[in-house]
2 protein chains.
Amino acid sequence: MSLRHAALGLLALRGEASGYDLLGIFNESLDHVWPATQSQLYTELGKLTDAELVRVVAEGGRGRKAYAVTEAGRKEFEHWLLEEPPTTNRRNDTLLRVFFLGLVPTEQGREFLLGRAAAAAEMHDRLRDVEGSLTDEQGPLAVHGRIALEWGLRYSTMQNEWARWAAQQLDAAESSDVPSAPPAP
Amino acid sequence: MSLRHAALGLLALRGEASGYDLLGIFNESLDHVWPATQSQLYTELGKLTDAELVRVVAEGGRGRKAYAVTEAGRKEFEHWLLEEPPTTNRRNDTLLRVFFLGLVPTEQGREFLLGRAAAAAEMHDRLRDVEGSLTDEQGPLAVHGRIALEWGLRYSTMQNEWARWAAQQLDAAESSDVPSAPPAP
DNA sequence: AGAATCATGTAAGTCGTTACATGATTTG
DNA sequence: CAAATCATGTAACGACTTACATGATTCT
């Protein structure tokens with residue numbers, strides 16, 4: 001139920017904004033952290049209005065509606081932010097595949113893991129570029145954006161190192177299973 | 001759509017199994033990687049049967065049905081395992097909160113981050129315990145289980161270090177923002 | 001005038017969760 | 001015989017995605 005809280009948070013940051021405005025922020029700043037589709041966002045703003053956590057504060061041309069958080073909305077947001085423990089994401093597509101890697105020849109398992117290492121390295125490079133274009137930014141969002149970015153950098157480094165280590169483990173397990181050529185003395 | 005592939009993979013490992021059997025494996029071995037509910041699993045087995053990726057190979061007492069993968073199922077599974085790139089999990093509840101941490105006093109932001117560091121440390125300890133009970137295991141599943149476990153260990157270490165680093169960043173940003181007490185000469 | 005952008009909404013479908021419902025067999 | 005375990009299925013609901021549908025305003 002976090003799209004709801006992301007929307008509340010963005011409205012709290014901005015003071016007021018339309019669904020269209022929020023969608024822009026989601027696509028531009030929150031895409032790596034909590035993506036949202038247009039459909040989902042408009043639906044959620046309707047629900048938030050019904051629940052009186054946000055309120056329409058202005059209507060403009062082209063049917064535009066500007067929303068702002070209510071007192072109840074602010075309270076709900078802060079409760080979520082500080083009181084509710086973040087749920088750890090349990091599903092991991094890569095680890096699920098690792099679990100089944102014994103079903104294919106070692107060489108293919110190695111390729112899979114080295115492919116993951118390469119993908120992590122690529123992700124790291126992309127984030128380094130973002131970092132470069134961020135250094136001259138100022139303000140409080142720069143601090144928190146930088147912290148999130150650092151997470152990505154550390155995560156991709158970890159994933160890269162882990163995947164290369166894991167490929168070695170596969171090789172080690174194979175050579176102990178099938179000692180076709182004994183180690184030189 | 002990975003529950004489908006997890007089920008195919010488990011059937012490929014086991015040769016044959018009932019929904020009940022698979023559910024046991026999900027709860028016991030796959031819970032940290034790809035949890036599944038009873039409801040979901042039985043529904044999926046029905047769909048897999050319709051799609052002719054699995055087949056009922058035996059019926060036993062208490063309405064038990066034993067499934068096995070078909071040729072098409074095996075093909076679909078291997079395609080998923082080696083050809084389809086794993087989807088990176090984009091939603092991150094913790095990072096979403098970090099994005100909004102400027103909306104509360106620095107002290108509360110610090111507490112949040114140090115709480116995350118503590119949670120990561122606790123996760124690390126739990127995984128170390130699992131590791132201890134795993135060292136005497138043998139076989140190919142031990143290798144791949146160990147690789148997945150290592151991911152968890154590295155992940156929780158990374159998360160812990162990152163959260164403590166981030167808390168320091170908050171402090172640093174605050175002292176440069178509001179220099180109420182200048183540093184001693 | 002036509003294209004781009006601003007702006008909102010709904011419908012159909014998948015995946016996942018919680019809860020409901022039922023019954024057979026084994027074990028203490 | 002009562003409780004635990006084995007075993008399957010369905011219903012309702014929430015979150016998310018893709019696609020459909022529409023129209024106003026601004027820019028070139």
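Sequence lines set the chain letters: A, B, ... in the order given, protein chains first and strands last, and positions in each chain run from 1.
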Residues in ring-ring contact (aromatic ring centres under 6.0 Å, His included) contact with [X], at least two apart in sequence or another chain:
X: B:W80; answer: B:H5, B:F77
X: B:Y20; answer: none
X: A:F26; answer: none

Are there any protein N/O atoms within less than 3.5 Å of an N/O atom in nucleotides 14-16 of chain C, and if so, which ones and at what distance?
| unit_1 | atom_1 | unit_2 | atom_2 | d |
| --- | --- | --- | --- | --- |
| C:dG16 | OP2 | B:Q40 | NE2 | 2.5 |
| C:dG16 | O5' | B:Q40 | NE2 | 3.0 |
| C:dG16 | O3' | A:R91 | NH2 | 3.4 |

By side-chain hydrogen bond (donor to acceptor under 3.5 Å, both in side chains), B:R74 pairs with (sequence neighbours left out) B:E78

Residues two or more places apart in sequence or in another chain: which of them pass side-chain hydrogen bond (donor to acceptor under 3.5 Å, both in side chains) with B:R164?
B:N160

Residue pairs fulfilling salt bridge (charged side-chain N to carboxylate O under 4.0 Å, His left out) with at least one residue in [range], sequence neighbours excluded:
range: residues 1-16 of chain B; value: B:R4-B:E44
range: residues 121-134 of chain A; value: A:R128-A:E131, A:E131-A:R146
range: residues 18-40 of chain A; value: A:D21-A:R64, A:D31-B:R90

For the helix from C:dA1-D:dT28 to C:dG28-D:dC1, what angle separates the axis at the start from the axis at the finish, each from five pairs, in steps of 10°?
10°

Within residues 5-19 of chain A: residues closer than 4.0 Å to DNA chain C (heavy atoms):
A:S18, A:G19

Can a donor-acceptor pair under 3.5 Å be found between the side-chain atoms of A:S39 and the base atoms of D:dT18?
yes

One character per nucleotide, please: for nucleotides 21-28 of chain D, 5' to 3', B when the base has a protein heavy atom closer than 4.0 Å, S when only the sugar-phosphate does, - otherwise.
---BBS--

